[in-house]
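I have placed the structure first, in the form of structure tokens, so that the comments after it can refer back to it.
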Amino acid sequence: MSTYDKIYDIVRQIPYGQVATYGQVAELAGLFGKPRVVGYALYHVAPDDDIPWHRVINAKGEISQSAFRDGSDDLQRVMLEAEGVVFEQNKISLARYRWQPPPEMITGDDTKTDK
DNA sequence: CAGATGACAAGAT
DNA sequence: AATCTTGCCATCT
């Protein structure tokens, strides 16, 4: 299990119409205080994957503009809007769309339910 | 092998 | 309150 795989798994858990910050994803992936690794992981994600990378945003509630993906940052915004996310000044209300992960995940014991 | 970079976050000024 | 500086780990050159 590579470090990135864990991050991918977390992103896949993000429900429709909700978003998560890098710090949140990093925390759930076991990378406390290391959001950079999360960003790097998503950088390796291919459009072929089923990973809702567009649901991952920075702590400012805004989309990090980078020419790393098809099109541009506008694409991510469009995809989020398609999920019902309303943008406020190119930003979204984290207070309303921030994904609340289940406690089971926070314990870090999600993959193994035995023992 | 060592140095620099990176889709960020949190603390300090 | 906004902006700057530091820290963090993995990957790239």
Side-chain angles (χ1 to χ4, degrees):
Chain A
M1 190 68 151
S2 304
T3 310
Y4 287 178
D5 291 323
K6 293 195 291 189
I7 297 172
Y8 298 150
D9 189 59
I10 300 298
V11 178
R12 283 186 200 129
Q13 303 314 308
I14 304 177
Y16 180 94
Q18 297 238 348
V19 297
T21 63
Y22 285 90
Q24 200 164 9
V25 176
E27 187 174 342
L28 294 171
L31 300 169
F32 301 88
K34 298 176 264 293
R36 321 201 72 152
V37 184
V38 178
Y40 220 84
L42 291 174
Y43 178 76
H44 277 266
V45 175
D48 197 67
D49 291 308
D50 270 14
I51 304 176
W53 57 272
H54 53 270
R55 292 180 191 156
V56 183
I57 58 180
N58 56 28
K60 286 169 282 193
E62 199 181 326
I63 301 173
S64 306
Q65 49 184 267
S66 321
F68 78 103
R69 270 273 170 242
D70 331 284
S72 56
D73 49 294
D74 288 322
L75 178 63
Q76 183 166 4
R77 171 172 166 176
V78 171
M79 294 181 80
L80 287 174
E81 286 184 311
E83 300 193 354
V85 178
V86 180
F87 275 72
E88 304 279 339
Q89 309 299 79
N90 287 353
K91 301 182 191 174
I92 63 180
S93 303
L94 281 175
R96 292 196 290 194
Y97 297 107
R98 186 147 333 177
W99 171 48
Q100 298 175 352
E104 298 79 44
M105 244 176 168
I106 301 178
T107 47
D109 187 71
D110 58 287
T111 46
K112 41 182 61 176
T113 47
D114 59 302
K115 189 181 326 188

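In the text below, chain A, chain B and the rest are named by the order of the sequence lines, each starting its count at 1.
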Looking at side-chain heavy atoms only, is the closest gap between A:V11 and A:V38 below 4.5 Å? no
When the distance from CE of A:M79 to P of B:dA7 is rounded to whole Å, what number comes out? 20 Å
The test is side chain to side chain contact (heavy atoms under 4.5 Å, CB included); show your working for A:V85 and A:R96 and say whether it passes. CA-CA 9 Å; A:V85 178; A:R96 292 196 290 194; over 6 Å; no
Would you check if A:Y40 and A:K34 make a side-chain contact, meaning some heavy-atom pair closer than 4.5 Å? no
Whole angstrom value for the distance that separates P of B:dA10 from CZ of A:F32: 13 Å
Is any side-chain heavy atom of A:K91 less than 4.5 Å from a side-chain heavy atom of A:I57? no
Under 4.5 Å between side-chain heavy atoms, hopping through other hydrophobics if needed: is there a path connecting A:L80 to A:Y16? no
Taking donor-acceptor contacts at under 3.5 Å, does the side chain of A:Y43 reach the base of B:dA7? no
Among A:I14, A:I63, A:V45, exactly one meets side chain to side chain contact (heavy atoms under 4.5 Å, CB included) together with A:V56. Which residue is that? A:I14
Report the residues that fulfil side-chain hydrogen bond (donor to acceptor under 3.5 Å, both in side chains) with A:E83, sequence neighbours left out, ordered by chain and then residue number. A:H54, A:R55
Could you check if a side-chain atom of A:T21 sits within less than 4.5 angstrom of a side-chain atom of A:W99, using non-hydrogen atoms only? no
Rounded to whole Å, please give me the gap between CG in A:L94 and P in B:dA10. 11 Å
Go along nucleotides 7-13 of chain C 5' to 3' and tag each nucleotide: B for a protein heavy atom under 4.0 Å from its base, S when only backbone or sugar atoms are that close, - otherwise. BBBSSS-
For DNA chain C, just give me the dot-bracket, please: Watson-Crick or G-U, both distances below 3.5 Å, ( ) intra-strand, [ ] crossing earlier pairs, | paired with another strand, . unpaired. .||||||.|||||
Whole-Å distance, A:I7 CD1 to B:dG6 C1', equals 13 Å
Side-chain N or O of A:S64 versus OP1/OP2 of B:dC8: is the shortest distance under 4.0 Å? yes
